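Structure first, then comments.
Indexing begins at 1, ligand by ligand and atom by atom, following the structure's order. It should be emphasised that the depicted structure is a prediction, and the values quoted were computed from it without experimental measurement. Numbers for residues simply follow the sequence, beginning at 1.
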Amino acid sequence: MTVKRIPLVAGNWKMNFDHLEATYFVQKLAWLLRDAHFDFKRCEVALFPSFTSLRSVQVLVEADRLRVTYGAQSVSVTTQGAFTGDVSADMIAHLGCSYVIVGHSERRKYHPEDDANIVDQVRAVLAAGMQPILCVGESFEERRQGIELDFAVGQVRDVTRDLSDEETSKLIVAYEPVWAIGTGMVATPQSAQEASCAIREDLRETFGADVADAVRILYGGSVTSKNASELISQPDVDGFLIGGAALDVDELAKIARLVLKSTQGR
Ligand SMILES: O=C(CO)COP(=O)(O)O
């Protein structure tokens with residue numbers, strides 16, 4: 001049986017764009033991908049603004065009934081209370097978010113986010129009715145040692161170990177080798193496929209075919225319109241988590257069109 005996973009083109013804005021810039025971006029993206037020209041049923045496009053821009057994005061998306069989806073870049077593991085600066089999953093869900101990025105390597109590096117914290121974030125996101133986009137991927141050192149596949153698979157296992165089949169099937173995994181993020185050194189299509197396939201096969205062994213075939217696996221790390229077509233042609237690569245190139249609306253729209261085009265052959 002061939003499984004249809006709708007590809008996802010996700011733009012992670014990181015700490016860029018205030019709400020005015022975010023508003024401008026969403027309007028221009030919607031204009032570039034007007035319904036008549038872009039089939040959102042065959043390629044999903046999602047934006048990940050800062051917390052401060054989520055409300056503006058929500059208002060635009062709802063007012064103009066845009067097909068673009070959106071989410072947050074992180075979440076608190078607690079539901080409410082004396083946690084200055086934290087934002088709960090419910091607060092994010094109430095802004096119409098579909099997704100939350102969890103365990104991005106920049107969060108793992110600059111904030112005290114260890115495996116236990118990441119598992120709790122995943123649970124918080126699921127409990128609030130959203131889907132976590134779990135980021136995994138090796139550093140240059142692990143790649144040098146030749147343990148990159150075990151490393152990425154292990155990171156997914158650490159999170160899914162205590163999840164049910166149903167919870168795991170809602171997960172989206174983003175394979176983002178740390179050495180490829182923001183460096184211009186994109187993984188080869190073969191290497192992106194190898195890692196995505198290893199992650200999917202491990203999910204298949206633990207959770208069975210239904211779960212493994214449902215989970216979308218994105219590639220992230222120096223994706224541009226120049227390398228997107230080759231990467232998306234890989235059978236286990238279901239889309240992208242894009243940083244730098246997602247700050248240029250024309251470039252993001254171009255990547256989305258290339259991904260949509262690739263679905264014709266799928
Ligand atoms: O970290 C990333 C997306 O989350 C990737 O960033 P770049 O696309 O800038 O390499």
Legend entry - Exercise: do Glu44 and Tyr99 side chains pair donor with acceptor under 3.5 Å: yes

Legend entry - Carboxylate-amine/guanidinium proximity below 4.0 Å for Asp39 and Lys261: no

Inset, instruction - May I ask you to identify the nearest protein heavy atom to atom 8 (O) of ligand 1, giving residue, atom name and distance to one decimal place in Å? - result: Gly243 N, 2.8 Å

Inset, instruction - Please confirm whether Glu106 comes within less than 3.5 Å of ligand 1 when only nitrogen or oxygen atoms on both sides are compared. - result: no

Inset, instruction - Using a strict 4.0 Å cut-off to heavy atoms of Asn12, name the atoms of ligand 1 that fall inside it. - result: 3 (C), 4 (O)

Legend entry - Residue and atom name of the nearest protein heavy atom (relative to atom 2 (C) of ligand 1), distance in Å to one decimal: Glu176 OE2, 3.1 Å

Legend entry - Gly244-ligand 1 polar pair, N/O distance under 3.5 Å: yes

Inset, instruction - Can you spot which of His111, His104, Gln121, Glu106 makes a side-chain contact (heavy atoms from CB on, under 4.5 Å) with Ser74? - result: Gln121

Inset, instruction - May I ask which of Gly137, Ala246, Gly182, Gly11 has a heavy atom nearer to atom 10 (O) of ligand 1 than the others do? - result: Gly182

Inset, instruction - Assert yes or no for the condition that the ring centre distance of Tyr70 to Phe48 is strictly below 6.0 Å. - result: no

Inset, instruction - Could you list the atoms of ligand 1 found under 4.0 angstrom from a heavy atom of Ser222? - result: 7 (P), 8 (O), 10 (O)

Inset, instruction - Please state whether the rings of Tyr219 and Phe240 are parallel, tilted or perpendicular, taking 30° and 60° as the class boundaries. - result: perpendicular

Inset, instruction - Please identify which atoms of ligand 1 are closer than 4.0 Å to at least one heavy atom of Ala180. - result: 10 (O)

Inset, instruction - Output the list of atoms in ligand 1 that are nearer than 4.0 Å to some heavy atom of Gly221, sorted by atom number. - result: 5 (C), 10 (O)

Inset, instruction - May I ask you to check whether Ser50 and Thr52 show a side-chain donor-acceptor distance below 3.5 Å? - result: no

Inset, instruction - Establish, from distance only, whether the side-chain atoms of Arg42 and Ser262 form a donor-acceptor pair under 3.5 Å. - result: no

